[in-house]
Amino acid sequence: MPRPNQSAERRLDFVPILARTFANLGYRRTTTAELADRCNVRETILYRLWPDKRAMFIAALDYVYQLSEETWDELLSRADDEVSPAELILDYESTHQGEFGLYRIVFAGLSETDDPEIAGALKLLYGRFHRFVKKQVKVHREGGPEPVVTDPALVAWAIVGLGTVANIGRELGLLSASARKRLVGEVGRALLGGSGTEGS
């Protein structure tokens, strides 16, 4: 009987470590030797799982989205009728946005967009965030009054942008924690417009 392929399982074990390393050191300063050291394996083990450092970085970008989506799905599974899913996510992100520093991976990737594979991975990442947020905006608006900005796609991009600005504010010390909370929470709710929740 053949041995089961454990590559997928090992990737799942290593990718959070890769993500933290790229977040701490950026793309250029991170070496595969450093990644292997932090994963407590030889470089050859990583090269059996990914063909090169670029592929490891792209896996880390994917992890950033997966972690966000899992967090939001868990949050929404406990939702009630008092607050719309979009408001629930904004309330959560107003306090927790960027707390693990994984946004630094995205920032590092933006300086590598001359690489078509990294640029493609970033497009995919932002597209996934946008689609998720747009879906929540649409749900939020069901049955509510006509909002000022009617296109949920534009509102979703604006909310994604709020998160980016909050992360820049955190990174450069331009925004205090309370200012970031208001930016994401209050401005985000203003962008949402009409709500289908009672009492809104």
Tell me whether [X] contacts the main-chain N or O of [Y] through its side chain, where contact means a donor paired with an acceptor under 3.5 Å.
{"X": "Thr113", "Y": "Gly109", "value": "no"}
{"X": "Arg170", "Y": "Gln97", "value": "yes"}
{"X": "His130", "Y": "Ala156", "value": "no"}

I want to check something: taking the side chain as every heavy atom from C-beta on, are [X] and [Y] in contact at a cut-off of under 4.5 Å?
{"X": "Pro152", "Y": "Arg141", "value": "yes"}
{"X": "Leu18", "Y": "Cys39", "value": "yes"}
{"X": "His96", "Y": "Thr71", "value": "no"}
{"X": "Trp157", "Y": "Lys134", "value": "no"}

Atom of [X], atom of [Y] and distance for their closest heavy-atom approach:
{"X": "Leu175", "Y": "Ala166", "answer": "CD1-CA, 4.4 Å"}
{"X": "Leu102", "Y": "Leu67", "answer": "CD1-CD2, 3.7 Å"}
{"X": "Leu192", "Y": "Leu90", "answer": "CD1-CD1, 3.6 Å"}

- Message: Looking at Arg38 and Glu34, is any side-chain nitrogen of the basic one under 4.0 Å from a carboxylate oxygen of the acidic one?
- Response: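 So Glu34 pairs with Arg38 through a salt bridge.
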
- Message: So if I apply the side-chain contact (heavy atoms from CB on, under 4.5 Å) rule between Thr21 and each of Thr31, Thr30, Ile105, which one comes out positive?
- Response: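 Checked Thr31, Thr30, Ile105 against Thr21; only one passes side-chain contact (heavy atoms from CB on, under 4.5 Å): Thr30.
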
- Message: Give me each pair satisfying salt bridge (Lys or Arg N to Asp or Glu O under 4.0 Å) with a member in residues 15-33, each pair once, sequence neighbours excluded.
- Response: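 Sorted result for residues 15-33: Arg28-Glu112.
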
For [X], which residues count as a salt bridge (charged side-chain N to carboxylate O under 4.0 Å, His left out) partner, sequence neighbours excluded?
{"X": "Glu74", "value": "Arg78"}
{"X": "Asp115", "value": "Arg54"}
{"X": "Glu171", "value": "Arg104"}

Below 3.5 Å, can you tabulate the donor-acceptor pairs from side chains in residues 56-65 to any protein atom, sequence neighbours excluded?
from	atom 1	to	atom 2	distance (Å)
Asp62	OD1	Arg128	NH1	2.6
Tyr65	OH	Glu69	OE2	3.1

- So is Lys53 actually on top of Phe22's ring, under 6.0 Å and inside 45° of the axis?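 No, Lys53 does not sit over the ring of Phe22.
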
- Residues in ring pair (Phe, Tyr, Trp, His ring centres under 6.0 Å) contact with Phe107, at least two apart in sequence or another chain: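 Here the qualifying residues are Tyr103.
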
- Yes or no on side-chain hydrogen bond (donor to acceptor under 3.5 Å, both in side chains) for Ser111 and Tyr27, after CA distance, side-chain angles and deciding distance? CA-CA 9 Å; Ser111 68; Tyr27 182 72; over 6 Å; no

Do [X] and [Y] share a hydrophobic cluster, counting only Ile, Leu, Val, Met, Phe, Trp and Tyr and linking them when any side-chain heavy atoms are less than 4.5 Å apart?
{"X": "Leu124", "Y": "Val133", "value": "no"}
{"X": "Ile118", "Y": "Leu25", "value": "no"}
{"X": "Leu46", "Y": "Leu12", "value": "no"}

